[in-house]
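It should be emphasised that the depicted structure is a prediction, and the values quoted were computed from it without experimental measurement. Just the heavy atoms: all of them, side chains too, but no hydrogens, waters or symmetry mates, feed the values below. Position 1 is the first residue of the sequence; numbering continues from there.
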Amino acid sequence: MREHFDFYGYNAPTWGGYYHDGQTYFLGEDFRSVKRYKEYKSIGFNMCLLQHENGYDGEEWKTCSTKKCLDVCQKAGIDRVIVEDRRLKRLCKEIPVVGENGRFKTEEELLAYLDECTKPYRDHPSFYAIQLEDEPAFKYLKGYAVVYKALKKLLPKVELQCNLLNMVQQTLIAPDPENLQTKEKDLEDYLRYFAKESGINYLMTDEYAFRGRNVVSPISIPTFQVFANVCKDLGIESRIVLQSFTQEACIVDKTKPGFLEGSIAWRRITEKDMYWQMNLALGLGFKEFSFFTYMVKAKKDFRGKWVGGAAIDGGALLNYDGTRSRLWYATQKVIKEVKAFEPVIIDYQYENAYFFFPDGKKKEDFDSTSNAILSDVKNLAISVKTPKYPVMVSELRKGNSKMYMVQNIGNPIDELMYKKRATTLEIDLGELKSRAKFYYKGKLVERNLDGSILKEKLGIGQAIFIEIE
């Protein structure tokens, strides 16, 4: 059993510049410094992922960026660093990895290669894990699992970061792209296949709810649910990457140089959005949380038909020039509250999730719940009346104790743009009323009941946790 939640951010402090349409710009400060990594740590992160220009590809170790960052992390007090080894990421996509037609004829040859690749960094005091291929398609899972198992055989104590796909591109996760099932079933089969082939003890994905047109992505909640349900069934841990970026992208009309046909945008993330994501993840039993992205990504180029960037200033936690965005402070606040709540919730394991809707409404009436997987609320010991927004109740268990998370799971944009107010829920605890403890934003709070009814005012994304010992 784990003792603590883990937190980290993608795109850790960079070399202090960025690329735009083939031009390189330097901002006058190398952010790979002890000061900047202490700042990274101060947001609440206890792990660090080195990618992109800080990743490793077999170059001279003494002078490479990966070693520089590992040394700086050690001085900053960060001793759990995930190294991106690009050679091993590429290896995960070779079909087959081992065998007559593979790159390696035997497992011994593969192990010798992995041994040579990892020698430069694996004994560094701050080294903790290796990042393998990000978001592999189903066709790569078997090879991915071969590399995973070989590395665990060679380095049994080393963690491996394996971030898997969600439902966004169904043909990539489907066992048979020519014969698609439901998105939920294809995702479930994809996860179960990798878990069986690799023997991994967790499943992880990234899912970003707040995209264009001011709606909540319809695949977000069901993606969270499928991961939580599969992990519960397999008895393994679930991990999640949360959204801390916004993105702009345009389609280029190649017949008219310089002309953009149209654009899309993923809106800026706010404190309300961060609560929405974190409460959902806690309620569904996730134990490790990372954020995409910590610092605005340094590359912004034309890519085929697309002009885009993985983040823009004000959307990521840290801007191009190293200044903190409002989201940096909001995320620090939320992580602090989660850490305060950690001793209470860390050992609770996810059981199920249920949804309640206003009278006369159903799940399809709300973009946030339109594709949610519903369970029969008759099987739940508590009930909720909600006048305006959908509510998710998740059930967690620890021995004979239970915890219920009650979350206003509407669309945060309603409060951000349309000035709609928080809603008062009526939560009927029934026979559980005398045994209930209440937690809000990480703290134990007092609540007065009207009989067995708790009247709780919750803004969108906010949640109250009810422990029944």
Side-chain angles (χ1 to χ4, degrees), residues 6 8 10 12 47-71 73-74 78-165 190-191 193-205 236-237 239 241 288 290:
D6 286 318
Y8 64 96
Y10 278 64
M47 292 169 58
C48 182
L49 170 62
L50 301 179
Q51 290 182 289
H52 310 304
E53 67 271 16
N54 294 326
Y56 188 58
D57 206 359
E59 58 269 31
E60 175 61 34
W61 177 248
K62 292 182 180 179
T63 57
C64 75
S65 177
T66 304
K67 182 182 185 302
K68 175 184 176 71
C69 291
L70 281 165
D71 291 345
C73 283
Q74 183 183 4
I78 301 172
D79 61 358
R80 303 178 76 191
V81 177
I82 306 168
V83 170
E84 176 198 48
D85 190 323
R86 300 188 191 109
R87 298 164 299 174
L88 304 188
K89 293 177 81 169
R90 291 193 294 268
L91 185 60
C92 290
K93 298 178 77 171
E94 295 198 17
I95 304 175
V97 178
V98 177
E100 183 177 347
N101 299 316
R103 178 174 173 183
F104 304 99
K105 302 305 179 186
T106 65
E107 184 187 40
E108 287 71 25
E109 289 182 15
L110 171 61
L111 288 170
Y113 176 74
L114 298 178
D115 182 51
E116 189 65 27
C117 285
T118 58
K119 274 181 181 176
Y121 53 79
R122 69 190 188 205
D123 293 326
H124 194 285
S126 282
F127 169 70
Y128 173 68
I130 301 168
Q131 183 192 40
L132 295 184
E133 177 61 21
D134 193 50
E135 299 182 335
F138 191 98
K139 65 180 180 180
Y140 297 123
L141 290 185
K142 191 173 185 66
Y144 198 147
V146 168
V147 176
Y148 177 90
K149 287 190 292 186
L151 277 167
K152 292 301 286 187
K153 186 174 183 178
L154 177 69
L155 304 168
K157 295 183 179 181
V158 169
E159 275 286 306
L160 301 173
Q161 195 233 41
C162 301
N163 185 54
L164 303 177
L165 279 164
Y190 167 88
L191 298 179
Y193 180 83
F194 179 64
K196 180 181 178 181
E197 289 291 317
S198 66
I200 197 168
N201 62 353
Y202 73 91
L203 293 172
M204 171 184 175
T205 193
I236 61 179
E237 184 176 281
R239 303 175 182 178
V241 187
E288 181 181 285
S290 48

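Note: Leu203 CG to Glu237 CD = 10.0 Å, rounded to the nearest 0.5 Å. We find the OH-NZ distance between Tyr140 and Lys93 to be 4.5 Å, quoted to the nearest 0.5 Å. With rounding to the nearest 0.5 angstrom, the OH atom of Tyr144 is 15.0 Å from the CD atom of Glu94. Once rounded to the nearest 0.5 Å, the distance linking CG of Asp79 with OH of Tyr128 reads 10.0 Å. Note that the OG1 atom of Thr66 and the CG atom of Asn54 stand 6.5 Å from one another [nearest 0.5 Å]. For the atom pair CG of Leu50 and CD of Glu84, the computed distance is 9.0 Å after rounding to the nearest 0.5 Å.
When every heavy atom of Tyr202 is checked against every heavy atom of Ile200, the shortest pair comes out as O-CG2, 3.2 Å. Contact between Arg87 and Tyr113 at its shortest, heavy atoms only, is CB-OH, 3.6 Å. For Pro136 against Leu141, the heavy-atom pair with the smallest separation is CG-CD2, 3.9 Å. Counting all heavy atoms, side chain and backbone alike, Thr106 lies closest to Val98 at C-CG1, 3.7 Å. Counting all heavy atoms, side chain and backbone alike, Asn163 lies closest to Met204 at OD1-CG, 3.4 Å. The two residues Cys117 and Pro120 make their nearest non-hydrogen contact at O-CD, 3.3 Å.
Side-chain N or O atoms of Ser126 include none that pairs as donor or acceptor with a backbone N or O of Arg80 at under 3.5 Å. The backbone N or O of Leu110 lies less than 3.5 Å from no partner atom in the side chain of Arg103, so there is not a single donor-acceptor pair. Under the 3.5 Å distance criterion, the side-chain polar atoms of Tyr56 are matched with a main-chain donor or acceptor of Glu59. Put simply, the side chain of Tyr190 gets close to the backbone of Leu165: a donor and an acceptor are under 3.5 Å apart.
Applying the salt bridge (charged side-chain N to carboxylate O under 4.0 Å, His left out) test to every pair with at least one member in residues 139-154, sequence neighbours left out, gives these pairs: Glu107-Lys153, Lys142-Glu197.
Within the 4.5 Å cutoff, the side chain of Val81 has no heavy atoms near those of the Gln74 side chain.
The aromatic rings of Phe194 and Tyr148 stand perpendicular to each other, their planes meeting at an angle above 60°, with 30° marking the opposite boundary. A tilted orientation is assigned to the rings of Trp61 and Tyr121, their planes being inclined by 30° to 60°.
Comment: Arg90 engages Asp57 in a salt bridge, judged by a side-chain N to carboxylate O separation of less than 4.0 angstrom.
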Which pairs of donor and acceptor atoms, one on a side chain in residues 155-162, lie under 3.5 Å apart (sequence neighbours left out)?
residue: Glu159; atom: OE1; partner: Arg239; partner atom: NH1; Å: 3.4
residue: Gln161; atom: OE1; partner: Gln131; partner atom: NE2; Å: 3.2
residue: Gln161; atom: NE2; partner: Tyr8; partner atom: OH; Å: 2.9
residue: Gln161; atom: NE2; partner: Tyr10; partner atom: OH; Å: 3.1

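In the displayed structure, Lys105 atom NZ is contacted under 6.0 Å by more than 12 heavy atoms of other residues, nucleotides or ligands.
Of the candidates Asp85, Leu132, Leu151, Val147, Leu91 forms a side chain to side chain contact (heavy atoms under 4.5 Å, CB included) with just one, namely Val147.
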